[in-house]
Each structure stands twice: as structure tokens, then as C-alpha cells.
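To start, the structure under review is shown below, and the notes come after it.
Along the sequence shown, residues are numbered consecutively beginning with 1.
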Amino acid sequence: MTAPGTGAAAPSGPGRGPGGRAGRRRDQLIAYGWLVLVWNLLWGDFSWGNLLGGLLVAAAVLVFFPLPPVTFCGRLRLRGVLVFGGWFVVELVRASAHVARIAVQPGFTPRSAIIAVRLRVPTDLNLALTAEVLSLVPGTLIVEVDRDHGTLYVHVLDVRGPADLAASRDRIRAVERRIVAAVGSDAELRRVRSDRVDKEFS
């Protein structure tokens, strides 16, 4: 049985499903870690104060606003995590410089657009991670998430024509591919890689 919109098997009873209670605790720890990381990224400074604040805020979120059960079926790949981290730093610098140039360019009024991008791995976890990363990069903002269809609606800045729209979609799918390469399952990784090959040879 498959849970609607998750792409993952639904538990057949209390405490069952992949990993049972132990798996649920592991998923909560992963969610806790991600919340702490996002808190520090939003502040833009990894300090002891921000770390402590993130630990407290993440704990409060999980206690008072419990997240729906999202099972982590992938695996952590050190090489993929390092590649993603390096790309993310470079992308932050590049996007920040681009937005700064637009802000100081005299007489220039940038055009923006909202594009719909359907992810190739439409699980709740992949939707959340991809949306978080895009929201942290200057120039892109998540407007809406269609969980049922695995689609993100993204506001993008400085769109000058159809080519820019296509390039923005490619960048968003590249974000998804890097996330899956870092924490996705083997099947998910094959899916995003095969879609990339099909697109290159189509």
C-alpha cells in the first residue's frame, strides 16, 4: 500500500512500517538535525548562540507542531554531501552577486516569473529538501507546493525570455539531482540520472 503523495509504503499499523518505532525515532532525529541546520543558515552565522537557539527552536517545533511521518528510505553518501556542500556555497555567492548587481544597476527593472517544476522524485522528504534549498538561494522563492503532483511553484528573478525560464527549470532539477545524489536511495538516484540522460539525447 502506498501513501498518497509520498511515494513510500504506508505503515500497516501503529509502530509498523520501515524500521517501526526505531525508524520513526531515526526520522525525527534527522528532521531535528535539518531544522537546526536551516535555523543557522537563515541567520547566516554558525555561532554557539545560533546553535543553541536552533536546538531549542527545533525541539519546540517537533513538540508543538509535530511533522507528519516521513520515512527516510535513502542513504547518506559522503561524496554526494561534499559535492552538494561545495556547489551550495558557490551558488550562494553567485546568486548573491547577481541580485546585488540588479539592485545597484541604474534604471533597470527586472522581470520575474512563477514557474511550475515537477520533481522526478515526488516524495515528501525530497519536496521539503528541494524547497528549503531553493528558498535559501537569493533570487528564488517557493510560492506553493503541490504535494499530490510533486510540483514546486517557484518565483524566479530576472527573466528576460523563454530561454531564461528553461534555464531556471534546469537549475531547479539540478538542485534536486544533487540532493538525491547526497541522501537519496539507489532507485531515486537512477531515476534522476536516467531522466538527465534522456533529456540530453532527446
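- With hydrophobic clusters built from ILVMFWY side chains whose heavy atoms lie under 4.5 angstrom apart, Leu141 does not share a cluster with Val145.
- Between Tyr153 atom OH and Ile115 atom CD1 the span is 11.5 Å, to the nearest 0.5 Å.
- The minimum heavy-atom distance linking Val99 with Gly139 is given by the pair CG2-N, 4.0 Å.
- Considering CD1 of Ile179 and CZ of Phe84, their distance stands at 5.0 Å, rounded to 0.5 Å.
- Of the charged side-chain nitrogens involved, at least one lies within less than 4.0 Å of a carboxylate oxygen, so that Arg75 and Asp186 count as a salt-bridged pair.
- The distance from atom NE2 of His98 to atom CD1 of Ile102, rounded to the nearest 0.5 Å, is 3.5 Å.
- Between the side chains of His155 and Ser112, at least one donor N or O lies within less than 3.5 Å of an accepting N or O.
- Counting heavy-atom neighbours within 6.0 Å of Phe108 CZ, excluding the residue itself, gives a total above 12.
- Between Arg94 and Glu91, at least one side-chain nitrogen of the basic residue sits less than 4.0 Å from a carboxylate oxygen of the acidic one, meeting the salt-bridge criterion.
- No hydrogens or angles considered: a donor-acceptor pair under 3.5 Å links the side chains of Asn126 and Glu176.
- A distance-only check finds no donor-acceptor pair linking the side chain of Arg79 to the backbone of Ala181 [under 3.5 Å].
- If you take CZ on Phe88 and CG on Leu136, they are separated by 4.5 Å, rounding to the nearest 0.5 Å.
- Scanning all heavy atoms of the two residues, the minimum distance from Arg160 to Asp158 falls at NE-OD1, 3.3 Å.
- For the side chain to side chain contact (heavy atoms under 4.5 Å, CB included) test with Leu55, the passing option among Val36, Asn50, Leu35 is Val36; the others fail.
- Here the CG-CG distance, from Leu152 to Asp146, works out to 9.5 Å after rounding to the nearest 0.5 Å.
- One distance of note links CZ of Arg190 with OG of Ser185; it measures 7.5 Å at 0.5 Å rounding.
- Residues Val137 and Leu157 fall into different hydrophobic clusters, defined by Ile, Leu, Val, Met, Phe, Trp and Tyr side chains chained together at heavy-atom separations under 4.5 Å.
- The same ILVMFWY cluster, assembled from side-chain heavy atoms under 4.5 Å apart, contains both Leu42 and Leu37.
- Between Val89 and Trp87 there is no side-chain heavy-atom pair separated by less than 4.5 Å.
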